[in-house]
Protein chains: 2
Amino acid sequence: MPESIPLDGYDTRILAELQADARISMAELGRRVHLSQPAATERVRKLEAAGVISGYRATVDLGALGYGIRAIVRVARAEYARIVKLIKETPEVINAFNVTGEDSWILEIAVIDVPHLDAVVTRFCLLAETSTSIILNAPREHQVMLPPRAEDVKPPIRKITNA
Amino acid sequence: MPESIPLDGYDTRILAELQADARISMAELGRRVHLSQPAATERVRKLEAAGVISGYRATVDLGALGYGIRAIVRVARAEYARIVKLIKETPEVINAFNVTGEDSWILEIAVIDVPHLDAVVTRFCLLAETSTSIILNAPREHQVMLPPRAEDVKPPIRKITNA
DNA sequence: GATGAAAGGACTAAACC
DNA sequence: GGTTTAGTCCTTTCATC
């Protein structure tokens with residue numbers, strides 16, 4: 001699994017375009033980033049091979065699908081293996097993060113309505129302490145992520161040697 | 001913005017396939033869901049028009065991009081407008097949810113290293129109380145969401161009328 | 001919704017810079 | 001590394017069943 005391959009301006013623009021619309025053709029991508037179509041295709045292939053691009057997914061509108069409520073469930077004092085098992089068995093869990101701190105799990109879930117929310121949260125309550133917050137709105141979702149700006153990257157302190 | 005159009009088995013399978021790989025051709029999609037290519041194309045077009053499919057995005061590996069740490073930041077006692085402004089100015093924020101409860105905001109961020117984490121969190125600390133948890137692992141991410149199963153959908157209680 | 005035909009566009013590979 | 005060209009393949013669109 002190669003990591004941290006050098007990314008230049010073309011790669012950055014390709015990543016921006018494909019995060020904004022993953023279904024454009026390689027020819028259209030080339031036009032947008034000012035590369036020929038074969039050059040764009042080759043760069044995308046390398047970004048995929050390097051693992052920088054890990055996939056392409058359609059985004060669905062949960063409301064249109066019939067899920068009226070999204071919520072964050074924090075889970076504390078849970079037994080690791082049992083929680084992982086319950087997460088894997090629960091399709092309403094969109095994202096599940098194991099985190100440091102008092103609450104060891106943070107889940108994002110989608111449910112139809114309040115009775116459904118109750119049903120899902122109750123399953124986790126049986127294994128651990130939970131705290132549920134309903135998502136009211138999301139001013140940012142799926143931010144397009146590009147390589148860190150140079151000013152944010154602190155070079156490591158060089159070790160003093162006897163050279 | 002049309003919502004809750006009826007979705008049949010074909011639509012469900014199309015949504016599953018496109019959430020798993022958004023770059024397949026309409027011909028390949030048709031093969032996978034056992035529809036002709038024009039039929040598959042037309043259904044995708046309708047799902048897009050109805051807003052069920054809201055977009056297609058490439059997923060990037062944050063580690064490969066150079067972001068070594070992901071974290072959840074909970075923000076409490078914040079002034080709404082100022083927090084929204086700060087979120088919009090902070091590219092490290094991947095997702096930002098305004099939620100019910102004590103902590104009114106839950107942010108997911110990606111940073112390069114601990115100094116960078118410190119820098120980002122400090123900006124939010126100046127406006128509100130924060131609590132930061134580093135993400136250790138994520139046993140589930142980007143769950144494929146399909147229309148709710150029938151057994152989860154509770155029909156509304158019919159009102160008693162004088163008919 | 002399927003089939004078949006026609007047109008347009010996209011991808012692959014090669015030669016060249 | 002990128003570009004251009006040429007050839008093939010695929011996709012899309014339309015009309016018909």
Side-chain angles (χ1 to χ4, degrees), chain A residues 1-61 64-66 144-150 153, chain B residues 2-61 63-66 144 146-147 150:
Chain A
M1 54 183 82
E3 288 201 8
S4 283
I5 62 168
L7 302 176
D8 65 11
Y10 284 124
D11 293 313
T12 299
R13 296 169 76 174
I14 286 171
L15 290 173
E17 291 293 338
L18 288 180
Q19 285 178 82
D21 184 356
R23 276 193 70 85
I24 58 175
S25 69
M26 290 300 106
E28 174 62 21
L29 176 62
R31 281 189 284 272
R32 294 191 189 179
V33 306
H34 303 298
L35 277 179
S36 68
Q37 184 269 323
T41 303
E42 179 62 12
R43 279 175 178 264
V44 170
R45 198 196 60 71
K46 284 182 178 166
L47 289 168
E48 291 170 350
V52 175
I53 295 175
S54 58
Y56 305 93
R57 58 184 73 253
T59 306
V60 298
D61 183 315
L65 270 189
V144 170
M145 294 301 288
L146 301 176
R149 297 168 307 180
V153 182
Chain B
E3 289 201 8
S4 283
I5 61 168
L7 302 176
D8 64 10
Y10 285 124
D11 293 314
T12 298
R13 297 171 74 172
I14 287 170
L15 290 173
E17 292 293 338
L18 288 179
Q19 284 178 83
D21 184 356
R23 276 193 70 83
I24 57 173
S25 70
M26 290 298 107
E28 174 62 21
L29 177 62
R31 269 175 241 127
R32 294 190 189 180
V33 305
H34 303 296
L35 277 178
S36 69
Q37 185 273 321
T41 303
E42 179 62 11
R43 278 174 180 265
V44 170
R45 199 197 59 72
K46 283 182 180 165
L47 288 168
E48 291 170 351
V52 176
I53 295 174
S54 58
Y56 304 93
R57 57 186 71 252
T59 305
V60 298
D61 183 314
L65 270 188
V144 170
L146 302 176

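Sequence lines set the chain letters: A, B, ... in the order given, protein chains first and strands last, and positions in each chain run from 1.
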(request) Choose from dT13(D), dA2(C), dC11(C) the nucleotide whose nearest atom is closest to any side-chain atom of Thr41(B). (result) dT13(D)
(message) Go through it in stages, so that I can follow the logic: the residues are Asp21(B) and Glu17(B), the test is side chain to side chain contact (heavy atoms under 4.5 Å, CB included), and I'd like the CA-CA distance, side-chain angles, deciding distance and then a yes or no.
(response) CA-CA 6 Å; Asp21(B) 184 356; Glu17(B) 292 293 338; over 6 Å; no
(request) Would you tell me if any nitrogen or oxygen in the side chain of Gln37(A) comes within less than 4.0 Å of OP1 or OP2 on dC11(C)? (result) yes
(message) Measure CG/Leu35(B) against C1'/dG1(C) and give the value in whole Å, please.
(response) 8 Å
(message) I want to check one thing: is the phosphate of dA10(C), taken as OP1 and OP2, less than 4.0 Å away from some side-chain N or O of Ser25(A)?
(response) yes
(request) May I ask you to verify if any side-chain N or O of Arg31(A) is less than 4.0 angstrom from the OP1 or OP2 atom of dA10(C)? (result) yes
(request) Whole angstrom is fine here: how far is it from CE in Met26(A) over to P in dA13(C)? (result) 16 Å
(message) Would you say that Leu146(B) contacts Gln19(B) through its side chain, given a criterion of any heavy-atom pair below 4.5 Å between the two side chains?
(response) yes
(request) Could you work out which one of dT3(D), dT12(C), dC14(D) sits closest to the side chain of Pro38(B)? (result) dC14(D)
(message) Please determine whether a side-chain nitrogen of the Lys or Arg among Arg45(B) and Glu48(B) lies less than 4.0 Å from a carboxylate oxygen of the Asp or Glu.
(response) no
(message) For a 4.5 angstrom cut-off between non-hydrogen side-chain atoms, does Leu18(A) reach Arg23(A)?
(response) no
(message) If the cut-off is 4.0 Å, is Arg43(B) near the phosphate of dG1(C), judged by side-chain N/O to OP1 or OP2?
(response) yes
(request) May I ask you to verify if any side-chain N or O of Lys46(A) is less than 4.0 angstrom from the OP1 or OP2 atom of dG1(D)? (result) yes
(message) Rounded to whole Å, how long is the line connecting atom CG of Leu29(B) with atom P of dT12(D)?
(response) 10 Å
(request) Measure from CD on Glu28(A) to P on dG8(C) and round the result to the nearest Å. (result) 19 Å
(message) Between Leu29(B) and Arg13(B), is there a side-chain heavy-atom distance shorter than 4.5 Å?
(response) no
(request) Return the value, rounded to whole Å, for the distance between atom CZ of Arg45(A) and atom P of dA13(C). (result) 11 Å
(request) Calculate the interatomic distance between Glu42(A) atom CD and dG1(D) atom C1'; express it in whole Å. (result) 10 Å
(request) Take the protein atom CZ of Arg23(A) and the nucleotide atom C1' of dC10(D), then report the distance between them rounded to whole Å. (result) 13 Å
